[in-house]
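Working notes, beginning with the structure itself.
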Amino acid sequence: MLNAPDASSTRPYLLRALHEWCTDSGFTPYVAVLVDETVQVPMEYVKNGEIVLNVGYDATAGMTLGNEFIEFKARFGGVPREIIIPINRVMAIYARENGQGMSFPMNTASDAVPAAVAKRPALSAVDTSQVDGGADDEPPTPTTPLGRPTLTRVK
């Protein structure tokens, strides 16, 4: 029975599939993340409680697209950072070049925090005045208010 409370979420499987599709098609996969205390990202890049991250293999090191977390290392302003994103905080995954992808519902009942999140250390703030690589490497900023996520075509 798929609707059983203990059934595993399809979100991590869909994220992996769309990430693979982007990579195989020569596109750059981006994820939009709803940030809260369970998300470990550079807080100085969070806008309106959201962050958009390039999760392509060229921009990340040691990426794991697991069933509970997306984990990788990336450089922000030349400073290497460890990124940990609970799967249930991912609002969307899409290709930067054409905007094709998928958004996910963000209902609080199904977004219970996994027990492993409590074991994650907090991310310390680091002053980063510049982002490496110029404007092309900087992800687009979501412009929608918190609520139902939408995809925007990026050209």
Side-chain angles (χ1 to χ4, degrees), residues 7-106 110-142 149-155:
S8 63
S9 172
T10 58
R11 190 177 299 198
Y13 300 96
L14 293 169
L15 285 169
R16 284 191 290 269
L18 287 166
H19 186 276
E20 182 178 348
W21 170 79
C22 283
T23 302
D24 289 351
S25 300
F27 298 137
T28 309
Y30 276 64
V31 291
V33 179
L34 185 61
V35 177
D36 67 2
E37 66 279 350
T38 66
V39 178
Q40 183 173 313
V41 295
M43 292 304 199
E44 59 269 28
Y45 294 98
V46 174
K47 293 183 182 169
N48 297 324
E50 301 174 357
I51 189 167
V52 177
L53 298 167
N54 177 345
V55 290
Y57 290 117
D58 291 341
T60 63
M63 179 155 50
T64 303
L65 293 166
N67 286 341
E68 292 188 30
F69 298 97
I70 297 173
E71 300 181 63
F72 58 91
K73 290 183 176 72
R75 297 178 72 81
F76 292 84
V79 178
R81 307 288 280 270
E82 184 174 354
I83 308 300
I84 302 172
I85 304 163
I87 292 293
N88 63 7
R89 303 311 295 170
V90 176
M91 297 186 303
I93 182 168
Y94 61 95
R96 173 184 175 195
E97 292 77 7
N98 64 12
Q100 291 183 5
M102 177 179 282
S103 62
F104 301 98
M106 298 300 294
S110 65
D111 292 342
V113 178
V117 171
K119 298 177 186 174
R120 300 286 182 195
L123 185 68
S124 60
V126 174
D127 181 22
T128 55
S129 56
Q130 289 183 307
V131 175
D132 287 345
D136 282 345
D137 290 334
E138 192 171 315
T141 304
T150 59
L151 292 177
T152 306
R153 180 167 288 216
V154 178
K155 293 183 179 189

Could you give the distance from CD1 (Ile84) to CD1 (Ile70), rounded to the nearest 0.5 Å?
-> 11.5 Å

Please name the residue in the list Thr10, Val55, Val90 that meets the side-chain contact (heavy atoms from CB on, under 4.5 Å) test with Leu15.
-> Val90

Is there a side-chain contact between Val35 and Tyr45 (heavy atoms, below 4.5 Å)?
-> no

How about Phe76 and Leu53: do any of their side-chain heavy atoms sit closer than 4.5 Å?
-> yes

Flag the pair Pro42 / Ile83 as yes when at least one side-chain heavy-atom distance between them is below 4.5 Å, and no otherwise.
-> yes

For the residue pair Arg11 and Ile87, what are the closest heavy atoms and their distance?
-> CD-O, 3.3 Å

Taking the side chain as C-beta and beyond, is there a heavy-atom pair between Pro86 and Val39 under 4.5 Å?
-> yes

Minimal non-hydrogen separation, Tyr57 against Met63, with atom names = CE2-CE, 4.0 Å

Locate the shortest heavy-atom distance separating Arg75 from Pro80; write the atom from each residue and the value.
-> NH1-CD, 3.8 Å

Shortest non-hydrogen contact between Ala74 and Ala59, atoms and distance = CB-O, 3.7 Å

Might you confirm whether atom CG of Asp58 has over 12 heavy atoms from other residues, nucleotides or ligands at distances under 6.0 Å?
-> no

Spacing of His19 atom NE2 and Asp24 atom CG [to the nearest 0.5 Å] | 10.5 Å

Heavy-atom closest pair (Pro12 atom, Gly66 atom, distance to 0.1 Å) is CB-O, 3.6 Å

Rounded to the nearest 0.5 Å, how far apart are CZ of Phe27 and CD of Gln100?
-> 6.5 Å

Roughly how far, to the nearest 0.5 Å, is CE of Met91 from CD1 of Ile51?
-> 10.5 Å

How many angstroms lie between atom CD of Gln40 and atom CZ of Arg81, to the nearest 0.5 angstrom?
-> 9.0 Å

Leu65 and Phe72, any side-chain heavy atoms less than 4.5 Å apart | no

Say whether, by atom type as modelled, one donor and one acceptor occur between the side chain of Arg96 and the main chain of Tyr30 under 3.5 angstrom.
-> no

For Glu50 and Ala32, indicate whether the former's side chain and the latter's backbone hold a donor-acceptor pair under 3.5 Å.
-> no

Least distance between heavy atoms, Met102 atom then Leu14 atom | SD-CD1, 3.8 Å

Do Asn67 and Arg16 pass the side chain to side chain contact (heavy atoms under 4.5 Å, CB included) test, and can you show the C-alpha distance, the side-chain angles, and the key distance before you say yes or no?
-> CA-CA 10 Å; Asn67 286 341; Arg16 284 191 290 269; 2.9 Å; yes

Go through the steps to decide whether Tyr94 and Leu18 satisfy the test side chain to side chain contact (heavy atoms under 4.5 Å, CB included), and finish with yes or no.
-> CA-CA 8 Å; Tyr94 61 95; Leu18 287 166; over 6 Å; no

